[in-house]
Amino acid sequence: MKLEKNLNSLTDEELIKEFQDNNTLEAYELLVKRFKDPLMNFVYRFLGDRDASTDIVQDTMIKFYLNKDSYQSIAKFSTWIYTIAGNLAKNELKRRNRRTILSISNSDDPDDITLQIEDKKTVAPDRAADNSIKADMVQKALLKVKPIYRELVILRDIEGFSYDEISEMTDLSLGTVKSRINRGRAHLQKLLKNIY
Amino acid sequence: MDNKKLTEENEFGELKKLLHDLPKVKAPDNFEFNLMTRIENENFQMNSGKKKKGFFSWALTPAIAFAVTVFFILFTFTGNEDLDDNPWQTPPKLIEQTTNVSAGKTLVATDVSKKGKESNKIVRIKSVNNGSYATASVPKQLPFDKSSSVDLDDYLGNNSATSNNGAAQLASSTSRLVVSPFDGFFLREVVKAREQDSLKNKTDSTSN
């Protein structure tokens with residue numbers, strides 16, 4: 001009990017240090033508790049599938065458990081764990097794309113994309129104001145953005161990471177991160193112009 | 001420089017607010033329990049990427065394409081040579097038995113065994129051509145000697161005159177008064193096995 005209380009006050013980096021050095025399972029459990037929901041949100045926004053997202057977050061935690069020693073304290077723990085989750089999510093997306101014979105239009109050119117989002121004019125005002133419908137529209141629009149832009153937009157605008165952190169997670173230069181985020185936002189804005 | 005930055009921030013201001021306000025998706029309640037169970041059981045197999053793995057594999061695509069092409073070519077180019085053998089253009093078989101008969105012989109139907117009721121029936125040849133197929137209905141085998149009986153159906157159809165059966169004359173015929181060992185008419189009974197069974201069952205039930 002006392003140990004748990006002490007662990008609660010530790011930072012993420014201190015917790016993983018504890019787990020690495022003493023193999024303290026409570027430290028691991030605490031990190032899982034802290035990161036399961038943010039990771040779930042990130043992966044779900046990226047994939048749009050709740051069951052697959054749950055599996056990926058589970059696998060992320062398993063990888064974290066098995067490869068705890070590969071974490072180095074020079075980086076933030078959140079950066080490290082998001083990198084693992086992001087890679088697993090991208091692998092899942094690739095696997096799905098390989099299996100999909102006929103997929104919905106996912107053209108490189110944003111102008112070619114056919115909108116499948118309800119137009120504001122066709123929706124009753126009370127419905128348009130409904131947050132859940134709006135959220136659904138945003139999620140659908142997010143899934144239409146190219147994955148390389150989508151991941152960065154989610155990390156920046158939904159998860160709230162800094163450009164530097166995103167650069168570290170994705171192993172991209174700062175300039176590339178910024179330009180991709182802006183492209184993703186522009187595309188998303190185009191898709192969502194009818195709802196705001 | 002600062003103005004440009006401010007413009008960029010404002011450009012997507014509403015979008016960023018919209019994204020930030022999205023409801024947070026949470027992990028299921030049993031997430032931690034399942035995770036710790038997996039760790040305790042040392043079940044470290046990755047769930048993602050290995051799910052829903054079916055029989056189909058992309059590595060098999062060329063082989064499948066080749067097989068389909070070969071099948072298509074064979075079906076297209078060899079199927080037109082003999083239209084009679086084309087199963088798509090052949091009318092379905094009649095229920096009646098089709099037997100291959102040779103002249104002057106009576107054959108036991110080969111495919112009668114498919115239906116147990118007809119297993120002991122004999123094909124009677126109505127028209128005989130060498131090496132030809134004849135379709136004949138199968139009457140029930142009568143339980144008396146053929147030499148001392150006459151088939152009334154054949155007789156009425158004027159077939160009795162051509163019959164080489166010496167006794168194949170009606171007793172009432174006035175043209176020739178021949179004493180023949182004619183046994184008389186045989187009443188062909190239509191066996192209704194189901195009725196018999198039901199009657200038998202009824203009798204059994206009342207007797208008990």
Side-chain angles (χ1 to χ4, degrees), chain A residues 25 28-29 32-33 35-45 47 50-63 65-66 88-89 91-92 94-96 98-99 131-132 134-135 137-139 141-142 153-154 156-160 178 181-182 184-186 188-189 192-193 195-196, chain B residues 1-69 72:
Chain A
L25 203 60
Y28 170 76
E29 284 178 332
V32 169
K33 206 171 271 183
F35 282 91
K36 62 173 182 165
D37 288 336
L39 284 176
M40 182 72 188
N41 192 50
F42 164 59
V43 178
Y44 174 75
R45 294 296 170 203
L47 287 179
R50 199 175 283 263
D51 290 336
S53 305
T54 308
D55 285 344
I56 284 169
V57 178
Q58 283 254 343
D59 290 348
T60 305
M61 295 306 183
I62 291 286
K63 281 206 163 195
Y65 179 84
L66 293 174
L88 286 173
N91 288 343
E92 173 68 13
K94 277 181 196 168
R95 193 183 63 84
R96 286 180 175 206
R98 273 201 302 270
R99 288 186 175 220
N131 282 336
S132 65
K134 220 173 196 178
M137 288 176 180
V138 175
Q139 179 61 39
L142 259 175
V153 170
I154 293 169
R156 174 69 185 151
D157 293 334
I158 298 179
E159 298 300 319
K178 283 182 180 176
I181 287 173
N182 273 333
R185 281 173 180 166
L188 201 56
Q189 193 167 43
L192 293 170
K193 64 183 175 187
I195 73 162
Y196 66 87
Chain B
M1 187 69 181
D2 287 340
N3 285 340
K4 194 184 172 186
K5 196 177 177 182
L6 278 172
T7 314
E8 276 179 6
E9 289 296 316
N10 290 333
E11 192 183 350
F12 300 113
E14 279 184 86
L15 177 72
K16 286 198 291 191
K17 190 175 179 303
L18 198 69
L19 290 171
H20 187 262
D21 292 345
L22 278 174
K24 302 291 177 195
V25 178
K26 289 186 175 180
D29 294 336
N30 57 355
F31 181 87
E32 282 172 76
F33 174 78
N34 289 343
L35 180 68
M36 297 319 288
T37 308
R38 278 178 72 180
I39 289 170
E40 276 174 25
N41 296 335
E42 298 187 348
N43 176 18
F44 300 133
Q45 198 179 4
M46 295 288 116
N47 283 337
S48 60
K50 292 190 176 178
K51 243 183 174 180
K52 300 165 193 170
K53 201 166 189 175
F55 173 75
F56 182 78
S57 166
W58 287 104
L60 293 173
T61 307
I64 291 169
F66 178 73
V68 169
T69 310
F72 180 75

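Naming: A, B, ... by sequence-line order, numbering from 1 per chain.
Heavy-atom distances place both the backbone and the side chain of Asn34(B) under 4.5 Å from chain A. At a 4.5 Å heavy-atom cutoff, the contact between Ala135(A) and chain B is made by backbone and side-chain atoms alike. Contact of Val32(A) with chain B is made through the side chain alone, with heavy-atom distances under 4.5 Å. For Ala89(A), no part lies under 4.5 angstrom from a heavy atom of chain B. For a residue to count as touching a neighbouring chain, one of its non-hydrogen atoms must lie under 4.5 Å from one of that chain's; by this rule Leu66(A) touches chain B with the side chain only.
The neighbour count for Asn41(B) CG, taken as heavy atoms of other residues, nucleotides or ligands under 6.0 Å away, is above 12.
Taken to the nearest 0.5 Å, the CG atom of Leu19(B) stands 7.5 Å off from the CG atom of Leu192(A). Taken to the nearest 0.5 Å, the CG atom of Leu25(A) stands 8.0 Å off from the CD atom of Glu40(B). In this structure, the separation between CD1 on Ile56(A) and CE on Met46(B) is 11.5 Å, given to the nearest 0.5 Å. Separating the OG1 atom in Thr60(A) from the CG atom in Leu35(B) is a distance of 10.0 Å, to the nearest 0.5 Å. A distance of 8.5 Å separates CD in Gln58(A) from CD1 in Ile39(B), rounded to the nearest 0.5 Å. Rounding to the nearest 0.5 Å gives a distance of 13.0 Å between CG of Leu188(A) and NZ of Lys16(B).
For the residue pair Phe31(B) and Thr54(A), the shortest heavy atom distance occurs at CE1-O, 3.9 Å.
If you tally non-hydrogen atom pairs under 4.5 Å between each of Met61(A), Gln139(A), Arg45(A), Lys63(A) and chain B, the highest count goes to Arg45(A).
Residues Leu22(B) and Lys134(A) have side chains not in contact (no heavy-atom distance under 4.5 Å, counting atoms from C-beta outward).
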side-chain contact (heavy atoms from CB on, under 4.5 Å), that's the test. Do Tyr44(A) and Lys26(B) meet it? Break it down for me. CA-CA 9 Å; Tyr44(A) 174 75; Lys26(B) 289 186 175 180; over 6 Å; no
Pairs of donor and acceptor atoms involving the side chains of residues 36-43 of chain A, under 3.5 Å and at least two apart or interchain, shall be tabulated with distances.
{"unit_1": "Lys36(A)", "atom_1": "NZ", "unit_2": "Glu32(B)", "atom_2": "OE2", "d": "3.0"}
{"unit_1": "Asp37(A)", "atom_1": "OD1", "unit_2": "Ala27(B)", "atom_2": "N", "d": "2.9"}
{"unit_1": "Asn41(A)", "atom_1": "OD1", "unit_2": "Val25(B)", "atom_2": "N", "d": "3.0"}
{"unit_1": "Asn41(A)", "atom_1": "ND2", "unit_2": "Glu159(A)", "atom_2": "OE2", "d": "3.1"}

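The side-chain contact (heavy atoms from CB on, under 4.5 Å) check on Pro62(B) picks up nothing, with sequence neighbours excluded.
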